[in-house]
Amino acid sequence: MELKDEVFIEAPRDQVYAALNDPEILKECIPGCEELIKHSDTELEAKVVLKIGPVKAKFGGNVTLNPESPPERFSLTGEGNGGAAGFAKGGADVVLTEQDGGTLLSYEAKAQIGGKLAQLGSRLVQSTAKKLASKFFTKFSEEVSTTEAEV
């Protein structure tokens, strides 16, 4: 499964990059996130509850950030296990481009799923992934714009 999109955020690139590395902001923005622990500047651990079609599962997983050339670009890889519901693993490349009035965030993500999730059908999983990404970026944009207004 592949996802690709662009989102304009009304905040400077440095602030967007900092927010993408702030576990408190990420926890607020990730749909179903119950816990997000930052073990180091590049290692995060998450617990997320998701409902995809008829399958509801609690995923525990790890995310590793690879800051290639911050704040312009970075990549991340992750792996999560939802017990009987299955597993998900994948990664994303993120590019932050300064534009008038804010930052254009572009991403390309790839994921693999297995277990009951894989049995649901790729269209259902793909549409759910798009909805979750949209929810994340809408909330993230609000959080970063609010932080910008407070500064």
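This one's a predicted model, so the numbers in the text were calculated from it and none came from an experiment. Reckoned from all heavy atoms, side chains included, excluding hydrogens, waters and symmetry mates.
- In this structure, Leu3 is a member of the same hydrophobic cluster as Leu132, with clusters built from ILVMFWY side-chain heavy atoms closer than 4.5 Å.
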List the atom pairs, with distances to 0.1 Å, where a side-chain N or O of residues 122-131 and a protein N or O form a donor-acceptor pair under 3.5 Å, not counting sequence neighbours.
residue, atom, partner, partner atom, Å
Gln126, NE2, Glu2, O, 2.8
Ser127, OG, Arg123, O, 3.3
Ser127, OG, Leu124, O, 3.1
Thr128, OG1, Leu124, O, 2.9

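- Between the CE atom of Met1 and the CD atom of Gln112 there is a distance of 10.0 Å, given to the nearest 0.5 Å.
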Return all side-chain donor-acceptor pairs below 3.5 angstrom for residues 49-63, not counting sequence neighbours, or 'none' if the list is empty.
residue, atom, partner, partner atom, Å
Lys51, NZ, Gly53, O, 2.8
Lys58, NZ, Glu34, OE1, 3.0

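- For the residue pair Ile113 and Ala88, the shortest heavy atom distance occurs at CG2-CB, 4.0 Å.
- Among residues two or more places apart in sequence or in another chain, the salt bridge (Lys or Arg N to Asp or Glu O under 4.0 Å) test is passed with Lys27 by none.
- Legend: residues meeting side-chain hydrogen bond (donor to acceptor under 3.5 Å, both in side chains) with Glu79, ordered by chain and number and at least two apart, are absent.
- Contact annotation: the side chain of Asp41 never approaches that of Leu65 to less than 4.5 Å [non-hydrogen atoms, C-beta and beyond].
- Nearest heavy atom pair, residue Asp14 against residue Pro71, reads OD1-CG, 3.2 Å.
- The two residues Thr103 and Pro12 have their closest heavy-atom pair at OG1-C, 3.2 Å.
- Every residue two or more places apart in sequence or in another chain that forms a side-chain contact (heavy atoms from CB on, under 4.5 Å) with Phe140 is listed here: Ile9, Val16, Ala19, Leu20, Ile25, Cys29, Phe136, Val144.
- Distance CZ/Arg13 to CG/Leu96: 7.0 Å, rounded to 0.5 Å.
- In this structure Ser75 satisfies the side-chain hydrogen bond (donor to acceptor under 3.5 Å, both in side chains) test together with Glu68, sequence neighbours excluded.
- Each of Asn66, Val95, Thr97, Val94 was compared with Arg73 under the side chain to side chain contact (heavy atoms under 4.5 Å, CB included) criterion, and only Val95 meets it.
- Every side-chain contact (heavy atoms from CB on, under 4.5 Å) that Thr77 has, sequence neighbours left out, goes to Thr64.
- Going from atom OG of Ser134 over to atom CG of Asp5 covers 8.0 Å, rounded to the nearest 0.5 Å.
- The side-chain contact (heavy atoms from CB on, under 4.5 Å) test applied to Glu24 returns Asp22, not counting sequence neighbours.
- In this structure, the salt bridge (Lys or Arg N to Asp or Glu O under 4.0 Å) partners of Lys47, at least two apart in sequence or on a different chain, are Glu35, Glu45.
- Contact detail for Pro67 and Thr42: the closest heavy-atom pair is CD-CG2, 4.1 Å.
- Other residues, nucleotides and ligands contribute more than 12 heavy atoms inside 6.0 Å of the NZ atom of Lys38.
- For Glu6, there are no salt bridge (Lys or Arg N to Asp or Glu O under 4.0 Å) partners two or more places apart in sequence or in a different chain.
- Under the 30°/60° scheme for interplanar angles, the aromatic rings of Phe74 and Tyr17 are found to stand perpendicular.
- Not a single salt bridge (Lys or Arg N to Asp or Glu O under 4.0 Å) links Glu43 to another residue, sequence neighbours left out.
- When the side-chain contact (heavy atoms from CB on, under 4.5 Å) test is applied to Lys135, the partners found at least two apart in sequence or on another chain are Pro31.
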